[in-house]
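To start, the structure itself, in structure tokens.
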Amino acid sequence: MADRYDPAGFEAQWRKRWKDADLFKTRSNPDAPKFYGADFFPYPSGAGLSVGHCRNYVPTDVICRMKLMQGFNVLHPMGFDAFGLPAENEAIKKKTHPEPMIKQYAATYRRQMELVGVSYDWSRSFSSSDKTFYQWTQWIFELLFKRGLAYRSMAAVNWDPIDKTVLADEEIIGGRAERSGALVEKKYIPQWFFKITEYAQRLLDDLDDLDWPEGIKSQQRNWIGRSEGVQFTMQLASSATKALHANEDPEFVVKNLQNRLAFEVFTTRVDTVFGMTFCVLAPEHALLEKILKTVDEEHAENVRAYQLRAKTLSDIDRLATNREKTGVFTGAYAINPVNGEQVPIWVADYVLATYGTGAIMAVPGHDERDFEFAKKFGIDIIQVIAPSDGSEVVLPYVAKDGILVSSGEYTGKPVFAAQSELGIWMEGLGIGERKIQYRLRDWLISRQRYWGCPIPIIHTKDGEMQPVPLDCLPVELPMVDDYEPSGDGTSPLAHIPEFVNTTDLDGRLGQRETDTMGGFACSSWYFLRFCDPANDKEPWSFDAAKYWMPVDCYVGGAEHAVMHLLYARFWTKVLYDAGLVTVKEPFARLENQGQVLALTPYRRPREDENLEVGEDGVVVSFADIANYNEEDIFHRWTRMSKSKGNVVTPEDAVESYGADALRMYLLFVAPFNADVQWSNDGMQGQVRFLSKIFKLIDEAKPMYFAEWRNFIGFEEADDVSKDIRRRTHKTIKKATADIDRFAFNTYVSSLMIYVNDLTDLVAKHKANPSRAFALSLSEAIETLILLLSPAAPHSADELWHDIGKSDFTVDVSWPVFVPALAVDDTVTVAVQVNGKLRETLEMEADATNEAVEAAAKALPKVAAHLEGKTIRKVIVVPRKLVNFVAS
RNA sequence: GCCGGGGUGGCGGAAUGGUAGACGCGGUGGUCUCAAACACCAUUGGGGUUAAACCCGUGCGGGUUCGAGUCCCGCCCCCGGCACCA
């Protein structure tokens, strides 16, 4: 073996051997447990992979390789999220078609993934744009349609005037399109939705049992946004009857106003209902039309003008933070059902048409927003909740800790009691009900774009919608030259007569739906297809999904915390309800990797320059730095991206340092979920470590005895051999547990410690090794190589081969921890006086507490600190610590 | 503002309530070399000392405990998400 570590000399060779042996083909040993490890479905961008992407794939690979060695049947697949806007936009830009383009990009991704030695089973790979895949995406769409979970509805959508497409709410950041940066406009067109709201409660409840990061679960909970409250009816009082009922019994009033105009309000604070001094309708509220007919012209005019303004205001203006409240009085009044009081009805855009009922009761005494509004327009503000301790408060008092005041017969009741009693009272009267409201909206799936999965629906002459018969699927995306957005808001497919014109189930002329599905549809079930990717009869066989699901470990970026994961959970639940899968949740465990940041040079902007959003300087290329004054250049850690020119590719890294060094570096540099700062020095450190291992094994090889396992039990162990075995088994325990808990940095560090220790021991004993030493060293060498194998598989196989083995390390059993061999003979005991460390003490591991205490007390330093003091108490933690409490 | 995650040497980071700073990077000194790079050895939280002893140290202020980076209370700062959700 070369004494210099030379990855270029062996890494490629091993990759070829793995491929020739079809080493990573999914195995199905009937007696073995299964492990399904998956990475998020990547879009294969034209820029190719950076080392940043490897930060996702390498750790998943490590845990999958370990599971493989532990005897699991491992499903470790990779495929490509090929449909969607990014691909389409790039193809347009490059004046090519997305189909061949994406194929080529995917091939590059695959080549790069193979270059770093990731153990995917490529025989199971597919792209979401493959007919054999999207046929089943359509199949599932129809399943949803038939179950009443897919519907079409006229809806205000977010129109991106640059991409000329409709955006989901989630694709908009601060009123601008996430991708194009365009100011988003509103547009009304018919849209397809999935009824995810029907699953809101289950999506919320089932989060509890998932082994996911708390932050992600919490984001999903917020997104679903459950709130409990009361929805009740507000009757309108005409201005003529305004004074009429002022002092009458509320129940009488309510009963006698049944035929009037009315609207519903939802509140989570029904306990504050006696504090209502006005109510507010959203400008889009349907009832306004009717209300305006009952009021004088001046008020009606004002309201109409306000409605118009609200409509033309872009979302960015309307939702701008800290914006002053606006609104107008309608001239009409509504009746507070609990006390018969009449309150003015206002229109204001701080009430959202899309949440709750689009109308609220306003209690300025106990709600910040209502308070602000009342203050501005001079509306009464009254207090109906007071702190339990009787203290004075400044309104608005929004805390729920308190009792009701000035609230009729409810005065004196605690907030929580009043909430439930008022709810029950209203239910009894039939004017309201206790209700649960969700913030979650239905999932908008339509895209008016070409490059997506066609929605398999036929519109008949009578306006009926029929699902395309299952045996006619897939509805193929036609291969056309011109697929650019039509710019009129319809899909490019709408302009292809051969596609649109078809016959319906009854043989009459019909038209195909021309919208395509957003990419989230594909990524909501691809993990099921991996279970049975070649199936041409059904999307997956029940048994295959039953065997492999759920994904045991799902790894990807936290940026998909809400959308992808929520949608995939939703589809899984629907499929569960349909009896097609046996799991209610697709991903048992989720891990989010951190990003890889690169140090990027910037220059200070010139005075007249406009900066990119969120930037405080202009990116300069590394080559250009020399052209600027030193004081005008500064560096930032930013995400690697092509536009910043700071990308390090796997090719770069592998060429300079080797694939294993790259893998080791990514694992070691920081905890898995933390962002890391790319460093060539860090890479060099891993090269150093790997070459240390090669050197160690080269040194130890003369003492290596392949049959150690058959003899080690019969040889009397000396202190050194016991020591080696102790270190070996402690390292097995630590490495195994660390990989399982995604603590890859400490896994690598435990190997470093192990290598350092072994190197010292070998140097010390190689001149005169005992037989016991050689045997335990042989165990150590094999263990080291095997423990290294998931992280640095090329090196491990090279070393394994070098000590005379002919199999691949992934085919060898993972080392087994033997607790008895890891037990310490002697331990270091910390000796404290009054909690301060004064000395340490070597003791036999089985020394009694008394012996330890006596030995500790006898230590000169300890004795000095105890001098002249009385020992009040002695705390002995066996094998760890003695603490003398003295004064 | 609300929700979530964090704040530990020059840097990345270790640490079931029990020896803070494992492991690595960088630095310093040395060996090798004509020289450099690589590599190797030693050293490396701050103060203090010839060397020790000793003192100070995990964002800040309190508390619980024999003992707190770790638990509790109150703040400050950073990162991510949501943002008029009634």
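Below, chain A is the first sequence line, B the second, and so on; all start at residue 1.
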Next on the checklist: Distance check needed: B:rG27 P versus A:Asp681 CG, whole Å only.
Outcome noted: 8 Å
Checklist outcome for this item: Sorted by number, residues from residues 853-865 of chain A placing a heavy atom under 4.0 Å from RNA chain B are A:Lys861, A:His865
Checklist entry - In whole Å, what separates the C1' atom of B:rC79 from that of B:rG27? => result 30 Å
Item to check | Non-neighbouring partners of A:Glu559 that pass salt bridge (Lys or Arg N to Asp or Glu O under 4.0 Å), sequence neighbours left out | outcome: none
Checklist entry - Roughly how many Å is it from CZ in A:Arg741 to P in B:rA14, rounded to a whole number? => result 9 Å
Checklist outcome for this item: From CG of A:Asp367 across to P of B:rG1 the rounded distance in Å is 17 Å
Checklist entry - Looking across every strand, which nucleic acid part, if any, lies under 4.0 Å from A:Arg221 by heavy atom: base, sugar-phosphate, or nothing? => result nothing
Next on the checklist: How many whole angstroms separate atom CG of A:Asn222 from atom C1' of B:rC2?
Outcome noted: 8 Å
Checklist entry - Is A:Ser218 touching bases, backbone alone, or none of the nucleic acid, heavy atoms closer than 4.0 Å? => result sugar-phosphate
Checklist entry - What's the shortest heavy-atom distance between A:Arg639 and A:Asn646, and which atoms? => result O-ND2, 3.5 Å
Next on the checklist: Once you apply a heavy-atom cut-off of 4.0 Å, does A:Pro213 come out as touching a base, just sugar-phosphate, or nothing?
Outcome noted: nothing
Checklist entry - So what does A:Leu881 hit on the nucleic acid, given a heavy-atom distance under 4.0 Å: a base, only sugar-phosphate, or nothing? => result base
Item to check | Distance, C1' atom - from B:rC34 to B:rG9, rounded to whole angstrom | outcome: 39 Å
Checklist entry - Taking 4.0 angstrom as the limit, do A:Asp723 and A:Arg727 come out as a salt bridge? => result yes
Checklist entry - Should A:Ser227 be listed as having a side-chain N or O under 4.0 Å from OP1 or OP2 of B:rA86? => result yes
Next on the checklist: Counting only side-chain heavy atoms from C-beta out, which of B:rC82, B:rG13, B:rG12 sits nearest to A:Trp223?
Outcome noted: B:rC82
Next on the checklist: Looking at A:Lys692, I'd like to know whether one of its side-chain N or O atoms comes within less than 4.0 Å of OP1 or OP2 on B:rC38.
Outcome noted: no
Next on the checklist: I'd like to check A:Gln231 versus A:Gln437 (side-chain heavy atoms, cut-off strictly below 4.5 Å). Are they in contact?
Outcome noted: yes
Item to check | Spacing of the C1' atoms in B:rG62 and B:rU28 (rounded, Å) | outcome: 42 Å
Next on the checklist: If I take atom CZ in residue A:Arg439 and atom P in nucleotide B:rC2, what distance separates them, rounded to the nearest angstrom?
Outcome noted: 17 Å
Checklist entry - If only side-chain N and O atoms of A:Arg688 are considered, is one of them under 4.0 Å from the OP1 or OP2 phosphate oxygen of B:rG24? => result no
Checklist entry - Between which residue ranges does RNA chain B form stems of three or more consecutive Watson-Crick or G-U wobble pairs, both distances under 3.5 Å? => result B:1-7 with B:76-82, B:10-12 with B:23-25, B:26-31 with B:39-44, B:45-47 with B:54-56, B:59-63 with B:71-75
Checklist entry - Are A:Phe742 and A:Phe744 an aromatic pair by the rule of ring centers under 6.0 Å? => result yes
Checklist entry - Do the two ring centres, one from A:Phe278 and one from A:Phe377, sit under 6.0 Å apart? => result no
Checklist entry - Roughly how far, to the nearest 0.5 Å, is CH2 of A:Trp637 from CH2 of A:Trp678? => result 10.5 Å
Checklist entry - Between A:Arg269 and A:Val398, which heavy-atom pair has the shortest distance, and what is it? => result NH1-O, 3.1 Å
Item to check | Separation of the C1' atoms in B:rC23 and B:rU8, to the nearest angstrom | outcome: 15 Å
Checklist entry - Contact class for A:Gly225 vs. all strands (heavy atom < 4.0 Å): base, sugar-phosphate, or nothing? => result nothing
Checklist entry - Touch check for A:Lys217, heavy atoms < 4.0 angstrom, all strands: base, sugar-phosphate only, or nothing? => result nothing
Checklist entry - Starting at CD1 of A:Ile753 and ending at P of B:rG13, how long is that distance when rounded to a whole Å? => result 18 Å
Item to check | Side-chain-base donor-acceptor pair under 3.5 Å for A:Asn883 and B:rC66 | outcome: yes
Checklist entry - In whole Å, what separates the P atom of B:rC66 from that of B:rC60? => result 25 Å
Checklist entry - Is A:Arg639 touching bases, backbone alone, or none of the nucleic acid, heavy atoms closer than 4.0 Å? => result nothing
Item to check | B:rC77 to B:rU43 separation - C1' atoms, rounded to the nearest Å | outcome: 35 Å
Next on the checklist: Between C1' on B:rG81 and CG on A:Asn673, what's the gap in Å once rounded to a whole number?
Outcome noted: 16 Å
Item to check | Separation of B:rG57 P from A:Leu837 CG (nearest whole Å) | outcome: 16 Å
Item to check | Residue closer to the 5' end of RNA chain B, A:Val885 versus A:Lys325 (nearest nucleotide) | outcome: A:Val885
Checklist entry - Can you find a pair of side-chain heavy atoms, one from A:Asn745 and one from A:Leu667, that are under 4.5 Å apart? => result no
Next on the checklist: Mind checking if A:Gln832 touches a base, just sugar-phosphate, or nothing, with heavy atoms under 4.0 Å?
Outcome noted: base
Next on the checklist: For A:Thr326, is there any backbone N or O sitting under 3.5 Å from a side-chain donor or acceptor partner on A:Tyr306?
Outcome noted: yes
Next on the checklist: With rounding to the closest Å, how many angstrom separate the P atoms on B:rG45 and B:rG21?
Outcome noted: 10 Å
Item to check | Atom of A:Ile216, atom of A:Ala561 and distance for their closest heavy-atom approach | outcome: CD1-CB, 3.4 Å
Checklist outcome for this item: Taking for A:Gln219 and for A:Ala830 the nucleotide of RNA chain B with the nearest heavy atom, the one nearer the 5' end belongs to A:Ala830
Item to check | Nearest-0.5 Å distance, NZ of residue A:Lys734 to CD1 of residue A:Ile739 | outcome: 11.5 Å
Item to check | Sugar-phosphate only, base, or nothing, as touched by A:Arg838 at under 4.0 Å among non-hydrogen atoms | outcome: sugar-phosphate
Next on the checklist: For a quick check of understanding: with a heavy-atom distance under 4.0 Å over all strands, which category does A:Thr828 fall into, base, sugar-phosphate or nothing?
Outcome noted: base
